[in-house]
Amino acid sequence: DVRQYLGAGLPPARRAQLIRAMVDQASLDERVDEVSVSIVDGVNGAVTITVEGLTGDGPFRLVMAASAELVTALSME
C-alpha cells in the first residue's frame, strides 16, 4: 500500500524502492510486456504516480494522485 510511505516526504532510497515494487507488481501480469513508473512530488507529502506500459493490445497509461490518506486514479488510457 503506497500510502504508508507518504506524508513525511519520500526520500530517494524509499522512492526507488517504491518504484521497483510497483514495476515488479505490474510485471506479474502476463499481459504486460514493458512497464515504467515515475513519481512526482506534490503538495503536503502527496505525489503523482504515473505507470506507463505496453501490452499485446497496445500501450497503457495510469495516473494516480496519492497521499497518506487516499489514492485516487486521475486518468486511465
Side-chain angles (χ1 to χ4, degrees):
D1 187 347
V2 68
R3 294 174 298 162
Q4 68 183 328
Y5 298 107
L6 304 176
L10 195 57
R14 178 69 71 176
R15 179 183 306 265
Q17 180 183 27
L18 183 56
I19 288 171
R20 172 57 30 211
M22 294 178 81
V23 166
D24 289 348
Q25 187 64 40
S27 297
L28 291 176
D29 188 322
E30 61 190 30
R31 298 169 295 178
V32 175
D33 297 322
E34 298 176 24
V35 66
S36 66
V37 174
S38 65
I39 299 176
V40 177
D41 293 327
V43 183
N44 296 326
V47 296
T48 299
I49 302 169
T50 303
V51 181
E52 295 179 295
L54 184 62
T55 70
D57 293 329
F60 67 89
R61 186 171 193 254
L62 171 63
V63 180
M64 300 169 281
S67 69
E69 295 82 30
L70 182 67
V71 176
T72 303
L74 299 177
S75 69
M76 292 181 276
E77 303 169 13

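Model, not experiment: these values are computed from the prediction.
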Using residues 55-64 as the side-chain source, report each donor-acceptor pair under 3.5 Å to any protein atom, sequence neighbours left out, with the distance given to one decimal.
from : atom 1 : to  : atom 2 : distance (Å)
T55  : OG1    : D57 : N      : 3.1
T55  : OG1    : G58 : N      : 3.4
T55  : OG1    : G58 : O      : 3.0
R61  : NE     : E52 : OE2    : 3.2

Cluster check M76, V32: I/L/V/M/F/W/Y, side chain < 4.5 angstrom: yes

Please tabulate, for side-chain N and O atoms in residues 35-42, each donor-acceptor pair with protein atoms closer than 3.5 Å (sequence neighbours left out).
from : atom 1 : to  : atom 2 : distance (Å)
D41  : OD1    : R15 : NH2    : 2.6
D41  : OD2    : R15 : NH2    : 3.1

More than 12 heavy atoms of other groups within 6.0 Å of E77 CD: yes

What side-chain donor-acceptor pairs closer than 3.5 Å can you find for residues 19-26, not counting sequence neighbours?
from : atom 1 : to  : atom 2 : distance (Å)
R20  : NH1    : D24 : OD1    : 2.8

Residue pair V71 / A66: nearest heavy atoms and the distance that separates them: CG2-CB, 4.0 Å

For E34, all residues meeting side-chain hydrogen bond (donor to acceptor under 3.5 Å, both in side chains), sequence neighbours excluded: none

Hydrophobic cluster of L28, others only, ordered by chain and residue number, side-chain cut-off 4.5 Å: none

